[in-house]
Amino acid sequence: MKSIRLFWYASTALSMTLSLAPASAQTADAADGASIAEAAPSDNAASNDDIVVTSSRIQRSGFNAPTPTTVIGEAELRQGNRPSVAQVLNDSPQFRATSTPATTTGNTTSGTSTADLRGLGAVRTLTLLNGHRFNGASDLNTVPQNLIKRVDVVTGGASAAWGSGAVAGVVNIILDDEMKGWRMGAQTGVSSRGDTARYGADIAWGTEFAGGRGHFMISADYMREQGAFGRKSRPNLESSVFQRADGQLVLARDVNYTIINNGGSILRLNATPYNLSFNPDGSVGPLPLGSDTYGQFTVGGNGQNIYDYVAVSSPYQRNNVYARATYDITDSLKLWVDGSYSRMWSNYTFFPETPIVAIMPDNAFLTQTARNQLAAAGVTGPFALGRIMDDAGPDRMLNFKFSRRNLEGAFGLKGSFGDGWGYDAYYDHGELRADQSLYNQRITAKFNNAVDAVLVNGKPVCRINADASTANDDPSCAPINLLGNGNISAAGVAYAFGGTRSIVTTKLDAAGASMHGQPFSTWAGKVDIAFGADFRWEKLTTNHIDPLSLSKAFTTLNSAPTNGGFSVREAFGEVNVPLLDIADAIHLEVNGAARYSDYSTSGGIWSWKTGGTMRIANDLLLRSVYSRDIRSPSIVEYFLGRATNKADLYDPFRKETQASVSIYTGGNPKLTPEISHTLTLGGSYSPHYVRGLSFSVDYYDIKIDNVITTITPTDTLTQCLKANPNDPTCGGVITRKANGELESLSATYRNLISYGTRGLDIEASYRTSLGSGKLGFRVLANHIFDLTIRDGGQPRDVAGIVGGDTAFSTPKWRLTGSVTYENGGFGADLRARYVGGGIFSAQVGPNDKPILNNQISARTYIDLGLQFKTGPFTLFGNINNLFDANPPYTPYNNPNYDVIGRYFSGGVKLKF
C-alpha cells in the first residue's frame with residue numbers, strides 16, 4: 001500500500017506542477033483535436049500537428065496503439081441524417097440501439113440516446129467529449145451535432161487508460177474546436193406513414209481574436225420530433241407469444257386480452273373470464289374473441305392489448321447551446337474554457353392503466369338490462385371487472401411529462417515543453433436536473449371508493465357516503481362508472497386521479513492531469529511514457545417528491561426520494577517500448593498500462609493492460625492486447641429510485657400467461673464492482689501498391705465477472721423456477737396475489753456471476769479518384785461467435801436471440817457497407833445495413849417445446865442520400881429504409897431492427 005500511495009502522490013504532484021507552470025516555447029507534438037486509427041479511410045487521418053490517440057494516453061504522431069480504433073468520419077456523420085450522434089453510432093455494427101426514442105417509449109427514460117458497444121449495456125461504454133468525461137454522456141442528445149468533427153471508437157477494454165466504464169470500449173466525440181465563420185442549417189423529415197415528423201435548425205459561429213492567439217466559437221440547435229403512435233400501420237408491431245390450450249407457445253400477430261377490455265371484461269372473482277364485456281351504453285355483449293382463445297389471451301378479434309397504446313417512437317423537443325474559447329498563453333501553453341446548456345422535454349400519453357375491480361350486485365351503474373343479460377349468462381352476485389382505462393378524462397391514459405436540463409462547464413490547460421513532452425489538465429462540473437411527472441394515474445383508495453357506488457334516492461353515491469354513519473365519509477367522493485367505455489365523469493377523474501412528480505439532480509465533478517513524453521531511447525527507438533491522476537465526484541439528490549407519492553397513494557407509480565453519491569481517486573501510468581526497428585522491414589513495440597482506483601464505496605482496485613504491435617514492410621500491422629478492466633457501479637445503479645413498467649408475462653410456475661404485470665426497477669447499494677478480462681488479436685493491411693485501400697480484422701474475447709445488470713422479467717421467472725421450483729416468490733423477488741397469480745416483479749440491479757462474448761470486427765475501405773470527383777467504399781462488419789450468460793444455472797448463449805425480450809439480445813451478424821461520391825457541387829451516398837436474423841426467444845412452453853413461428857429473418861436496409869452545392873448553400877435529401885423493410889414480430893420494441901419504416905428527410909445548409 002505504501003508503494004501505491006507514493007505512486008499516487010508523485011504522479012499527482014508532478015502532473016499538476018507541470019500543467020500549471022508556463023512551458024518553454026516549443027512546438028507541441030500533441031494538441032487538441034484529431035486521431036490516428038488503423039484501417040480508417042485516409043481522409044479521416046489527422047494531421048501531425050493535431051494528434052489525439054483515444055485508445056492510449058501516449059500522444060505521438062505515428063504511434064500505433066495495440067487496441068483497435070474505428071473512426072466515424074464526415075461521411076458517416078452525414079449518412080442517414082440522424083438526429084443525434086448516438087443514432088449515427090447505432091448504424092455501425094459494433095453498436096446496439098439499446099436506448100433511443102424508438103426503444104424508450106413506455107418508460108421514464110423516454111427519448112434518451114446512449115452509446116452501447118457490443119450490446120453490453122451503455123454503462124460499459126465510456127463516452128468522452130474531446131477526451132474528457134462529461135455529464136451529458138448519459139444522453140448524447142446534449143452534444144452539439146453541428147460541431148462534431150469525428151468520433152473515435154475504441155473497440156476494446158480501455159480502463160487502464162480512462163478508468164471505470166471502459167469495459168466494452170471508449171467513444172470519444174471530437175469537436176471542430178477551430179471552426180471559423182458561419183454555419184447554419186434547417187431540416188425536416190417524415191415517415192412514409194405520415195408520422196415521426198421532425199423539424200430542426202442550427203447555427204454556429206467561430207472566429208479568431210488577439211492576432212490569432214485566441215479562438216472563440218458558439219453554436220445553438222433546436223430539434224422537434226413528434227413521435228409515432230401508429231402501431232397498426234406497421235406490420236408485426238402487435239405481436240406476442242400466445243399459449244394454446246395444448247400448452248404450445250406460438251409467436252402470433254394481434255394477440256389481445258380476454259381478462260381486460262376497454263369496455264370492461266366481466267370475470268369471475270378468481271379472474272377467469274366469462275367472455276362477456278360491457279358496451280358503451282352499459283349493456284352486456286360478447287367479448288370480441290379471435291381465432292384462438294386460451295386463458296387471458298385471444299388471437300385476433302376486436303379486443304385490445306396494452307401495447308396497442310404504446311408509442312412506436314417517443315416525441316421530444318430539445319435545444320442545445322455550446323460555447324468554447326481557447327487562448328495561447330505562450331506558444332506552447334493553451335488555456336481553454338467551454339460551457340453548455342441543453343434541455344430536452346416532452347409531454348405525451350404513455351399507456352392505459354388496467355385495474356381489475358370487484359363490482360357488487362347493487363352497483364349504481366348496473367342497468368336493469370345489464371342485470372338481466374348477466375343473469376341469463378349465469379353471472380349472479382358479485383363479479384370482477386377487468387378494464388383498460390383509455391377513457392379517463394381529456395388525457396385518456398397515463399400521461400408522462402419530463403424536462404431534463406443539463407448545465408456544464410469546464411476549463412483546462414494543454415501544453416508542451418522540452419523535447420517532445422506534453423501535459424494536460426482539466427476540471428469539469430455538470431448538473432443534470434430531471435423534472436418528471438406521471439399524471440392521470442389512480443389514487444388507489446379514492447378510486448376504489450369511487451367505483452363502489454350505489455343508488456341513493458335514484459342518484460349514484462359512493463358507498464362510503466351512503467350509510468347513516470359518517471365515520472368513513474368522504475364528502476368529495478365522486479362515483480365512477482366503469483361499465484362501458486366513455487362513461488367516466490369529469491368529477492370522477494378529478495377526485496380519483498392525480499399525478500406524481502419528482503425533481504432529481506445528478507452532479508458530476510471530474511478533474512484530471514496527465515503528462516506524456518519520451519525520457520530515453522532503446523536500440524530500437526524512443527521510449528514513450530504517460531502518467532497522471534484523475535478525480536471524480538458524483539452525487540444524486542432528490543429535490544422534490546409530491547406528497548401523494550410519499551404516502552404511496554398511487555397504484556402504478558409512487559415516486560421515491562433517491563439520494564447518494566461516491567468519489568474516486570485514480571493514478572495511472574503507461575509505457576511503450578520499441579524492441580526492434582529495421583527500416584522498411586519490421587518495427588516491433590510493446591505497450592503496458594496500469595491504473596489504481598480508490599472508490600469511496602468499494603475501496604481500491606487495479607486495472608491494467610499489456611500488448612504490442614508489429615509493423616511489417618510498412619503495409620501490415622499486427623496487434624494484440626490483453627487487459628483487466630473494471631466498472632464500479634454507477635450512481636444510478638447504486639441509488640436509483642423505483643420506476644414501474646407493465647408487461648405480459650408467461651408464468652412457468654403456473655404454466656400460463658398473465659396480462660399487465662407490474663415490473664419494478666431501481667438501484668441497489670449492495671452492488672460490488674465488475675471485473676473484466678479482454679483479449680484482442682488482429683491487424684490491418686494497407687498495401688502501398690494500391691493507394692487508398694485498407695483492411696482490418698480483429699478478434700475479441702471479453703469475460704466479465706460479477707456483472708451488474710437487470711435481467712428481463714421473462715428470464716427472471718425462468719431462472720427462479722430452475723433455482724427452486726418450490727418457491728414461487730423467488731425469495732421475495734416476485735409478489736403474487738392471494739390466488740397465486742403474478743402481481744409484480746422486482747427487476748432491480750444485481751450482481752450476476754459472469755458474462756462473456758467472443759467475436760470478430762471486420763473493416764475494409766477504399767478511396768480513389770473518379771473523373772474530377774472522389775469515390776469511396778467502406779464496409780464495417782461484426783460477427784458474434786457467442787454471447788454467454790452464467791447466472792448460477794445452465795450457461796446460456798443468447799447470441800442470435802433477437803426478439804428483444806432477452807438480456808443482451810443481439811444478432812450474430814451485422815454489416816454496414818457504403819459507397820460515396822463527391823464531385824464539386826454534387827454528392828451521393830448509398831448505404832446498406834444488414835442485420836442478421838435468429839430466433840425470437842429461447843422460451844419453452846408447458847409442453848417443454850420451443851415456440852412455434854419462432855424464426856426471425858435477416859433484414860437489409862438501403863439508405864440513399866444526395867447533396868447539391870451551389871455557392872455557400874448545400875441542399876440535401878435522404879431516404880432511410882428505401883424499400884420499407886418490415887419490422888419483425890415485436891410486442892413492444894426491438895433494439896436490433898428498424899420499426900419506423902421508410903423515412904424521408906431533407907434540408908439546407910449554409911456555410912461562409
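Values in this document were obtained by computation on a predicted structure and should not be read as measured data.
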Can you check whether [X] reaches [Y] side chain to side chain, under 4.5 Å on heavy atoms?
X      : Y      : value
Ser627 : His677 : no
Asp629 : Trp608 : no
Met344 : Asp139 : yes
Val527 : Asn576 : no
Val575 : Ile58  : no
Lys609 : Arg628 : no
Thr757 : Leu120 : yes
Val154 : Leu126 : no

Of the non-hydrogen atoms in [X] and [Y], which two are nearest, and what is the gap between them?
X      : Y      : answer
Thr127 : Ala115 : OG1-CB, 4.0 Å
Ile174 : Asn172 : CD1-ND2, 3.4 Å
Phe572 : Ala533 : CE2-N, 3.6 Å
Pro93  : Leu780 : CG-O, 3.1 Å
Thr326 : Lys334 : CB-CD, 4.1 Å
Arg623 : Ser684 : NH1-OG, 4.1 Å

Query - Side-chain donor-acceptor contact under 3.5 Å, Asn591 with Glu574 - result: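 Distance-only check passes for Asn591 and Glu574.
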
Query - Between Asn668 and Thr748: side-chain donor-acceptor atoms closer than 3.5 Å - result: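 On atom types as modelled, these side chains do not qualify, holding no pair under 3.5 Å.
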
May I ask you to decide whether [X] forms a salt bridge with [Y], counting only side-chain N to carboxylate O separations under 4.0 Å?
X      : Y      : value
Asp705 : Lys703 : no
Asp534 : Arg595 : yes
Asp698 : Arg758 : no

Interatomic spacing from [atom1] in [X] to [atom2] in [Y] - rounded to 0.5 Å:
X      : Y      : atom1 : atom2 : answer
Met217 : Asp177 : CE    : CG    : 5.5 Å
Tyr423 : Ser514 : OH    : OG    : 11.5 Å
Arg96  : Thr125 : CZ    : OG1   : 11.5 Å
Arg615 : Leu588 : CZ    : CG    : 12.5 Å
Leu787 : Thr810 : CG    : OG1   : 6.5 Å
Glu763 : Ser696 : CD    : OG    : 4.5 Å

Contacts of [X] that satisfy side chain to side chain donor-acceptor pair (under 3.5 Å) - sequence neighbours left out:
X      : answer
Ser624 : none
Arg318 : Asn141
Ser632 : none

Requested in this report: Evaluate side-chain contact (heavy atoms from CB on, under 4.5 Å) for Leu508 paired with Glu431, printing each intermediate quantity in order.
Outcome: CA-CA 7 Å; Leu508 169 70; Glu431 295 189 8; over 6 Å; no

Requested in this report: Measure from NZ or CZ of Arg405 to the centre of the six-membered ring of Tyr341 and say whether it is under 6.0 Å with the direction within 45° of the ring axis.
Outcome: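 Because its charged atom misses either the 6.0 Å distance or the 45° angle limit, Arg405 does not stack over Tyr341.
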
Query raised in the report: Has Arg569 got its NZ or CZ under 6.0 Å from the middle of the six-membered ring of Trp537, at an angle within 45 degrees of the ring axis?
Result: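 Judged by the rule, Arg569 and Trp537 form no cation-pi pair.
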
Main-chain N/O of [Y] paired to [X] side chain as donor or acceptor, under 3.5 Å:
X      : Y      : result
Ser634 : Glu637 : yes
Asn706 : Pro673 : yes
Thr100 : Ser113 : no
Glu538 : Ser567 : no
Asn751 : Thr672 : yes
Ser159 : Ser607 : no
Glu178 : His215 : no
Asn563 : Thr541 : no
Ser92  : Gln94  : no

**Report entry** Glu570 and Ser597: CA distance, side-chain angles, deciding distance, side chain to side chain donor-acceptor pair (under 3.5 Å) verdict
**Finding:** CA-CA 4 Å; Glu570 301 179 287; Ser597 305; 2.6 Å; yes

**Report entry** Verdict with reasoning, Asp528 to Gln518, per side chain to side chain donor-acceptor pair (under 3.5 Å)
**Finding:** CA-CA 5 Å; Asp528 295 282; Gln518 298 173 321; 3.1 Å; yes

Report task. In sequence, state the C-alpha distance, the side-chain angles, and the governing distance for Val153 and Thr69, and then conclude on side-chain contact (heavy atoms from CB on, under 4.5 Å). Result -> CA-CA 5 Å; Val153 180; Thr69 301; 5.9 Å; no

Requested in this report: Applying side-chain contact (heavy atoms from CB on, under 4.5 Å), run through Arg631 and Val123 and close with a yes or a no.
Outcome: CA-CA 8 Å; Arg631 188 180 78 82; Val123 292; 3.5 Å; yes

Query - Residue pairs passing the salt bridge (Lys or Arg N to Asp or Glu O under 4.0 Å) test where at least one lies in residues 114-125, sequence neighbours excluded - result: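 The answer is Arg118-Asp761, Arg124-Glu674.
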
**Report entry** ring pair (Phe, Tyr, Trp, His ring centres under 6.0 Å) partners for His132, two or more places apart
**Finding:**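 Residues passing ring pair (Phe, Tyr, Trp, His ring centres under 6.0 Å) with His132: Trp336, Tyr426.
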
Query raised in the report: Got a sec, which residues hit ring pair (Phe, Tyr, Trp, His ring centres under 6.0 Å) with Tyr638, two or more places apart in sequence or on another chain?
Result: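 Testing Tyr638 for ring pair (Phe, Tyr, Trp, His ring centres under 6.0 Å), a comparison that skips the adjacent residues, returns none.
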
Requested in this report: Under the side chain to side chain donor-acceptor pair (under 3.5 Å) rule, what do Thr112 and Thr104 come out as? Steps first, then yes or no, please.
Outcome: CA-CA 7 Å; Thr112 57; Thr104 57; 4.8 Å; no

Requested in this report: Run through Val71, Ile72, Ile173, Leu175 and flag the one making a side-chain contact (heavy atoms from CB on, under 4.5 Å) with Arg150.
Outcome: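 Answer to the side-chain contact (heavy atoms from CB on, under 4.5 Å) test with Arg150 among Val71, Ile72, Ile173, Leu175: Val71.
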
Requested in this report: Take Ile148 and Asp176 through the test side-chain contact (heavy atoms from CB on, under 4.5 Å) and record every step on the way to the result.
Outcome: CA-CA 6 Å; Ile148 298 175; Asp176 183 6; over 6 Å; no

Requested in this report: Could you point out which residue of Asn146, Asp221, Asp338, Thr142 forms a side-chain hydrogen bond (donor to acceptor under 3.5 Å, both in side chains) with Tyr322?
Outcome: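 Among Asn146, Asp221, Asp338, Thr142, the one meeting side-chain hydrogen bond (donor to acceptor under 3.5 Å, both in side chains) with Tyr322 is Asp338.
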
Report task. Indicate the ring-plane relationship of Tyr427 and Phe411, choosing parallel, tilted or perpendicular according to the 30° and 60° boundaries. Result ->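 Rings of Tyr427 and Phe411: tilted, as their planes differ by 30° to 60°.
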
